Amino acid sequence: MTDKKNPKWVPQLLTWYDVHKRELPWRDCGDPYKIWVSEVMSQQTRIEAMKPYYDNWMRLFPTLEDLAKATEDEVVHAWQGLGYYSRARNLRLGVKDVVENYGGIVPRDRKTMESLKGVGSYTAGAVLSMAYNEPEVAVDGNVLRIYARLYRIFDDILSTKGKKAITAIVEDTLPHDRPGDFNQALMDFGSAVCIPKSPRCGECPIVNMCEAYQHKDTDKLPVRIKKTKVVEVPLFVGILQYKDYYLLHKRPNRGLLRSMWEFPSVEMVSTFDEGERGLEELVQDLGFELSLQPVLVKEITHIFSHRKWFMKAFRGDLTYAGDAKNITIEAIQKQLPKDWMLIKRDEFADYAWAGPHGKLTEMAK
DNA sequence: AAGTCGGGGAT
DNA sequence: ATCCCAGACTT
């Protein structure tokens, strides 16, 4: 990868940084403790959000020794509202470690630094490069995004593989004369220009070196495959009959299974009574009374990409409330909202079913 | 490798 | 509403 060493964009970015860098309380202060605190506070947190906390923190715990003396309750209280509270607990433990075992000197090498509580690869690199000007990379979300675009890398930047691939390039391109400035330049650049959505390529100082820009891929990069956790949804379904007709509902024209037909159903129920009440409410709004049979007729588990339905289906009979004795189906149909309908079993095949609801049609009798 | 941990600003 | 942020730790 020697072709990637000393790329032209690095001095260009540093020149941009010299003009546009943000003035921050911990920047260029040379105090490893202050930089350490600022880095931990910044994890998964926007600078503007953590700034007031940083100022308050430094009033309460101006030095390593002050923080090492503080209790866990005190540090967590000072963190109140910032979120990710284990950051505060670990920061205190890490600082205690330094005071008690390293003579109060923040370590100058990555291995020791990373052994401290709450200090991972990123924070170690940030502190070492910014406080000691050690040639260490600090690969965070900004850096992953910027490099994915600059070098047109389509690996998932959230995966181990993508992070390793990009970290290798960052190590190759790190300028050893100004590592601290370079790492901070990437942060400022990432938050001001090479932003996640709609990057400001018009004002980018290194657009001439950006492979994503040249290939018009800036909006496709970086690739982030979010592992959406599958939400488990209990679903209480009614196969509800009015004479020879079944009551169906059309899902809204958005979201999951949009505009497809389903049997009336309610989410988030754990008991039969709860589900029965939910269905009663549904059909009463339509002018029906419900008599539900407490016999489970079908159970289906259906997995979508981000959602898992646990369906329990029950049969029930409907009577029309405003019952003029021989009211016709057509007359009732006309009263229903247009996302509801009554159809016979032999018409089931004519409609688009909302996924697993189609399997329930065979339970209609 | 996946799950967990918060809160807020931008879109 | 979703996305995503100067990530680290546990399972």
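It should be emphasised that the depicted structure is a prediction, and the values quoted were computed from it without experimental measurement. Every chain is numbered from 1, with letters handed out A, B, ... down the list of sequences.
- Residue contacts for A:Leu186: at a heavy-atom cut-off of 4.0 Å it reaches no nucleic acid atom on any strand shown.
- Note on ring orientation: taking the six-membered ring where Trp is involved, the planes of A:Phe314 and A:Phe236 are parallel (angle under 30°, cut-offs 30° and 60°).
- Taking atom CH2 of residue A:Trp36 and atom P of nucleotide C:dA8, one finds them 13 Å apart after rounding to whole Å.
- For C:dG7, the base has no donor-acceptor partner in the side chain of A:Tyr122 [N/O atoms by modelled type, under 3.5 angstrom].
- Annotation: A:His20 is in aromatic contact with A:Trp16 [ring centroid separation under 6.0 Å].
- Taking only side-chain nitrogens and oxygens, A:Arg224 comes nearer than 4.0 Å to OP1 or OP2 of C:dC5.
- If you check distances only, the side chain of A:Thr45 does reach the base of B:dG6 with a donor-acceptor pair under 3.5 Å.
- For the pair A:Leu144 CG and C:dC3 C1', the interatomic distance rounds to 16 Å; values are reported in whole Å.
- Taking the C1' atoms as reference points, B:dG8 lies 23 Å from C:dC9, given to the whole Å.
- Nearest-nucleotide positions on DNA chain B place A:Thr160 closer to the 5' end than the other of A:Arg46 and A:Thr160.
- The two residues A:Arg145 and A:Pro222 make their nearest non-hydrogen contact at CG-CD, 3.5 Å.
- A donor atom on one side chain and an acceptor atom on the other are found under 3.5 Å apart for A:Tyr122 and A:Glu39.
- Using a 4.0 Å cut-off, no side-chain N or O of A:Ser86 falls inside it from OP1 or OP2 of C:dC9.
- Distance CZ (A:Arg87) to C1' (C:dC5): 10 Å, rounded to an integer number of Å.
- Side-chain N/O atoms of A:Thr63 and A:Asp66 include a donor and acceptor closer than 3.5 Å.
- Rounding to whole angstrom units, CD of residue A:Gln80 and P of B:dG6 are separated by 10 Å.
- Here the nucleotide nearest the side chain of A:Tyr85, chosen from C:dT10, C:dC5, B:dG7, is B:dG7.
- Atom CZ in A:Arg145 sits about 16 Å away from atom P in C:dC3, given to the nearest Å.
- In this structure, A:Gln12 contributes its side chain and A:Pro205 its backbone to a donor-acceptor pair below 3.5 Å.
- Using a 4.0 Å heavy-atom criterion, one finds that A:Gly81 contacts the sugar-phosphate atoms exclusively.
- For the P atoms, the distance from B:dG6 to C:dT11 is 15 Å, rounded to whole Å.
- Across all strands, A:Ser198 comes closer than 4.0 Å to no nucleic acid atom at all (heavy-atom distances).
- Straight-line distance from the CG atom of A:Asp155 to the P atom of B:dA1: 12 Å, rounded to whole Å.
- Residue contacts for A:Val119: at a heavy-atom cut-off of 4.0 Å it reaches the sugar-phosphate backbone alone, with no base atom in range.
- Rounded to whole Å, the distance from NZ on A:Lys117 to C1' on C:dA8 is 11 Å.
- Regarding contacts with the backbone of C:dC5, every side-chain N or O of A:Gln44 stays at 4.0 angstrom or more from both OP1 and OP2.
- Here A:Arg89 lies out of heavy-atom contact (under 4.0 Å) with every strand.
- A:Leu128 has its CG atom 15 Å from the C1' atom of C:dA6, to the nearest Å.
- In this structure, A:Leu24 reaches the bases: a heavy-atom distance under 4.0 Å links it to at least one base atom across the strands shown.
- A:Arg22 contributes a side-chain N or O that forms a donor-acceptor pair with the base of C:dA6 under 3.5 Å.
- The nearest heavy atom of DNA chain C to A:Lys197 and to A:Met130 marks one nucleotide each, and the one closer to the 5' end goes with A:Lys197.
- Taking the P atoms as reference points, B:dT4 lies 24 Å from C:dA6, given to the whole Å.
- In this structure, A:Ser121 reaches the sugar-phosphate backbone alone: every heavy-atom distance under 4.0 Å involves primed, P, OP1 or OP2 atoms, never a base.
- Nearer the 5' end of DNA chain C, as judged by each residue's closest nucleotide, is the contact made by A:Ser42, out of A:Asn90 and A:Ser42.
- In the set C:dG7, C:dC4, C:dA6, C:dC4 carries the atom at the smallest distance from any side-chain atom of A:Pro196.
- In this structure, A:Lys21 does not pair ionically with A:Asp188, as no charged nitrogen and carboxylate oxygen lie closer than 4.0 Å.
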